[in-house]
Amino acid sequence: MDTREAIRSRRSIRKYVRKEIPMDDLEDLLEAARLAPSGANRQPWEMIVVTDRKRIADLVPLCKNQTFIEDCGAFFIGIDDPQQKWAKVDIAIALDHVSLAAVEKGLGSCWIGAFDPERLGDYLGIPKNKSITVCLAVGYPAESPEPRNRKARDDLFFFQRYGGE
Ligand SMILES: Cc1cc2nc3c(=O)[nH]c(=O)nc-3n(C[C@H](O)[C@H](O)[C@H](O)COP(=O)(O)O)c2cc1C
């Protein structure tokens with residue numbers, strides 16, 4: 001599958017078949033994240049990947065009771081060093097690599113921004129000088145949603161200057 005196809009077919013998946021993701025596939029997702037670019041190549045991020053069934057279930061109340069999370073196969077927590085200027089951009093790029101690499105493996109994903117950072121950080125033992133930017137649930141899709149609406153091309157892009165053609 002080429003990148004364009006992965007970008008076009010990715011959807012937020014909020015229904016999963018409860019099935020373990022093979023470790024080789026998970027390692028490929030980690031490698032996709034590891035190769036992501038970052039500001040000045042500082043790579044000021046880390047990830048926790050929760051695959052233990054019981055621990056995934058524990059995450060649901062920490063993520064505003066988004067119950068679909070319970071059936072994902074791996075829950076990625078994006079951690080960054082808030083002292084670093086581009087850290088939030090960098091972790092987002094790395095997790096986006098994961099979400100696109102997942103498509104090729106027949107996996108779906110859903111970004112998770114609705115969570116309680118304090119409680120999630122405590123549960124995962126994340127040091128207080130680090131912050132959780134965003135998470136990504138990954139698993140085998142049990143739904144095939146239609147593409148979601150996007151702004152029109154002309155509402156997003158200008159050539160040469162703001163408001164230009
Ligand atoms: C930073 C970020 C946070 C998000 N947080 C959540 C979330 O907590 N729960 C959820 O169900 N979807 C979440 N989403 C998914 C968006 O709702 C989804 O990407 C958007 O509606 C477009 O749909 P699509 O991904 O299928 O194209 C989040 C997406 C992003 C990028």
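As the structure lists them, so they are numbered: ligands from 1, and atoms in each ligand from 1.
In this structure, D25 and I21 approach most closely via the heavy-atom pair CB-CG2, 4.0 Å. The heavy-atom pair separating H97 from A32 by the smallest distance is ND1-O, 2.8 Å. The minimum heavy-atom distance linking A33 with W45 is given by the pair O-CZ2, 3.4 Å.
Of all the atoms in ligand 1, the ones that sit under 4.0 Å from a non-hydrogen atom of A114 are 8 (O). For ligand 1 and C110, the ligand atoms under 4.0 Å from any heavy atom of the residue are 10 (C), 11 (O), 12 (N).
Using a 4.0 Å cut-off between a side-chain N of Lys or Arg and a carboxylate O of Asp or Glu, K128 and D122 qualify as a salt bridge. In this structure, R53 does not pair ionically with E70, as no charged nitrogen and carboxylate oxygen lie closer than 4.0 Å. We find that D116 and K64 are not joined by a salt bridge, their nearest charged nitrogen and carboxylate oxygen being 4.0 Å or further apart. Checked for salt-bridge contact, R8 and E5 miss the test: no charged N lies under 4.0 Å from a carboxylate O.
Taking 4.0 Å as the cut-off, R10 counts as a neighbour of ligand 1 on heavy-atom distance. Look at F115 and you'll find every heavy atom at least 4.0 Å from all atoms of ligand 1.
In this structure, the protein non-hydrogen atom closest to atom 5 (N) of ligand 1 is G113 N, 2.8 Å. Among protein heavy atoms, atom 18 (C) of ligand 1 sits closest to S12 OG, 3.3 Å. Among all non-hydrogen protein atoms, the one lying nearest atom 23 (O) of ligand 1 is R148 CD, 3.5 Å. From the protein, the heavy atom lying nearest to atom 1 (C) of ligand 1 is V134 CG2, 3.9 Å. For atom 27 (O) of ligand 1, the closest non-hydrogen atom of the protein is R150 NH2, 2.7 Å. For atom 14 (N) of ligand 1, the closest non-hydrogen atom of the protein is W111 O, 3.3 Å.
For a threshold of 3.5 Å applied to N or O pairs, the pair formed by R14 and ligand 1 contains at least one separation below that value. Among the atoms of F68, none of the N or O lies under 3.5 angstrom from an N or O of ligand 1.
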Worksheet item: Could you go step by step and tell me if R42 and D90 meet the salt bridge (Lys or Arg N to Asp or Glu O under 4.0 Å) rule?
Response: CA-CA 9 Å; R42 287 202 187 93; D90 295 337; over 6 Å; no
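Listed by first and then second residue, the ring-ring contact (aromatic ring centres under 6.0 Å, His included) pairs that reach into residues 130-163 are F158-Y162, sequence neighbours excluded.
Nearest residue to atom 10 (C) of ligand 1 from Q66, E146, K64, R11 is Q66 (criterion: closest heavy atom).
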